2 protein chains.
Amino acid sequence: MTALSDPHTSSDMIAAHGGRVTRTRVAVLDVLLASQQPLSHDEIGEALRKEGVPHDRVTLYRNLEWLVEQGIAHRMAGDDRVWRFSVVTTSEHEHAHFHCDRCGQLFCLDALTPAFAIALPNGYSMNRAELIVHGACPGCSAPKSGT
Amino acid sequence: MTALSDPHTSSDMIAAHGGRVTRTRVAVLDVLLASQQPLSHDEIGEALRKEGVPHDRVTLYRNLEWLVEQGIAHRMAGDDRVWRFSVVTTSEHEHAHFHCDRCGQLFCLDALTPAFAIALPNGYSMNRAELIVHGACPGCSAPKSGT
DNA sequence: TCAGCTAATGCAACAGTGTAGCGTTTAATG
DNA sequence: CATTAAACGCTACACTGTTGCATTAGCTGA
């Protein structure tokens, strides 16, 4: 019995998908797993830097692409035209996202499940839906002194 | 009684907003008015080219920006990280969009009105919502020989 | 009609995000 | 340990969008 049958660490997850367990790849997945919000390429790179993980910009892109290909991560386009990545926790990732217009953070709203498929006009076939709610997150809605 | 009080042409609309009626600006607005789908900067530029309207890339960007500022046009980020523009027809533009994953076109689905605000978790305050449904449009769903 | 003001233009150069090519490194395997 | 190719890391590039600035040309008022 190996750890592969119970992939709960980043290394296990990577190996389970037939990928090589490399320093950058593990670190990237760790960052994504630890994050509650979808992260941009830049934010992930910054996190790696803080952890002292040397990495190349291109390698990071390629690892993210690989994670998406493997179905481990999910990629979405924010309103700032930047890809943001997050690990796929929900089975189909069929939930909405909340974009805070003040702090720019992106949150997952698992509570919101799309129920609008019924309203699709004739001829249109839905594959997936992306719902981004814009507004202020709890942290930014709360009264603050500074800005 | 001048035409300004009844701004139904692109020139009138521009003048009514205190903008100068220039060749490119009129042409850009005309293109947007004539289109049923939100258009990217590139698509608009291509349309201008076809109409024989000489223009500069930057000027086009600035005109689009101005139109958005004036509330004449609306800007949204597609899934390909490209801004797409459309004239604001609906009062609040509170409707969904459909992105065809095959031909890349973006359609307005006025029938779909967001009714998900009720489900927002506590602490989140919604400003607006952007719902993008992905799938195949009627044109691409229909059986075709070529690709 | 014409001069003056400045919004708008057009050119060049730049910035940020993401990709492609390619030689080198290194994780996995026997 | 030798082998092999996946992954790396570097350079260079493509694309979308922005900034600076001198020039042009709408609008206004005489």
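Each chain gets a letter, A, B and so on, in the order the sequences are listed, and its residues count up from 1. This structure is a prediction, so every number in the text was calculated from the model and none was measured.
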Q | Near-ring test A:Y61/A:H41, centroid separation under 6.0 angstrom | A |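 Ring-ring flag for A:H41/A:Y61: true, centres closer than 6.0 Å.
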Looking at every non-hydrogen atom in both residues, tell me the closest pair between [X] and [Y] and how far apart they are.
X: B:L32; Y: B:A73; result: CD1-CB, 4.2 Å
X: A:V88; Y: A:G71; result: CG2-O, 3.7 Å
X: A:V58; Y: A:D56; result: N-OD2, 3.0 Å
X: A:E43; Y: A:P38; result: OE1-O, 4.0 Å

Q. What parts of residues 34-54 of chain B reach DNA chain C, counting only heavy atoms under 4.0 Å away?
A.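 Per residue number, the list is empty: none.
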Q) Along DNA chain C, 5' to 3', what are the outermost nucleotides having an atom less than 4.0 Å from a heavy atom of chain A? A)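 First and last nucleotides in contact are C:dT17 to C:dA28.
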**Q.** Identified side chain to side chain contact (heavy atoms under 4.5 Å, CB included) partner of A:S86 from the options A:Q36, A:Q37, A:M76, A:R75
**A.**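 Of the listed residues A:Q36, A:Q37, A:M76, A:R75, the side chain to side chain contact (heavy atoms under 4.5 Å, CB included) partner of A:S86 is A:M76.
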Q) For A:I14 and D:dA6, what is the distance between atoms CD1 and P respectively, to the nearest whole Å? A)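 Rounding to the nearest Å, CD1 of A:I14 and P of D:dA6 are 16 Å apart.
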**Q.** Protein-nucleotide distance (B:D56, atom CG; D:dT18, atom P), rounded to Å
**A.**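 Atom CG in B:D56 sits about 14 Å away from atom P in D:dT18.
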Q | Any B:Y61 side-chain nitrogen or oxygen under 4.0 Å from OP1 or OP2 of D:dG17 | A |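 Answer is yes, contact under 4.0 Å.
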Q) Would you call B:E65-B:R62 a salt bridge at under 4.0 Å N-O? A)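 Looking at B:R62 together with B:E65, the answer is no, because their closest N to O distance does not fall below 4.0 Å.
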(Q) Considering every strand and a 4.0 Å limit on heavy-atom distances, what is the contact class for A:R57: base, sugar-phosphate, or nothing? (A)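 If one applies the 4.0 Å heavy-atom cut-off, A:R57 turns out to touch a base.
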Q | B:F98 and B:F107 aromatic ring geometry - parallel, tilted or perpendicular at 30°/60° bounds | A |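 Plane angle between 30° and 60°, so tilted.
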Q. Nucleotide by nucleotide, 5' to 3', does protein get under 4.0 Å of the base (B), only the sugar-phosphate (S), or neither (-) in nucleotides 19-30 of chain D, counting heavy atoms?
A. BB----BBS---
(Q) Donor-acceptor pair, distance only, cut-off 3.5 Å: does the side chain of A:R25 make one with the backbone of A:L64? (A)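 No: the side chain of A:R25 does not pair with the backbone of A:L64.
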(Q) Is it the case that the side chain of A:H55 and the backbone of A:V53 share a donor-acceptor pair, with hydrogens and angles ignored and the cut-off at 3.5 Å? (A)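 Yes, because the side chain of A:H55 sits within donor-acceptor range (under 3.5 Å) of the backbone of A:V53.
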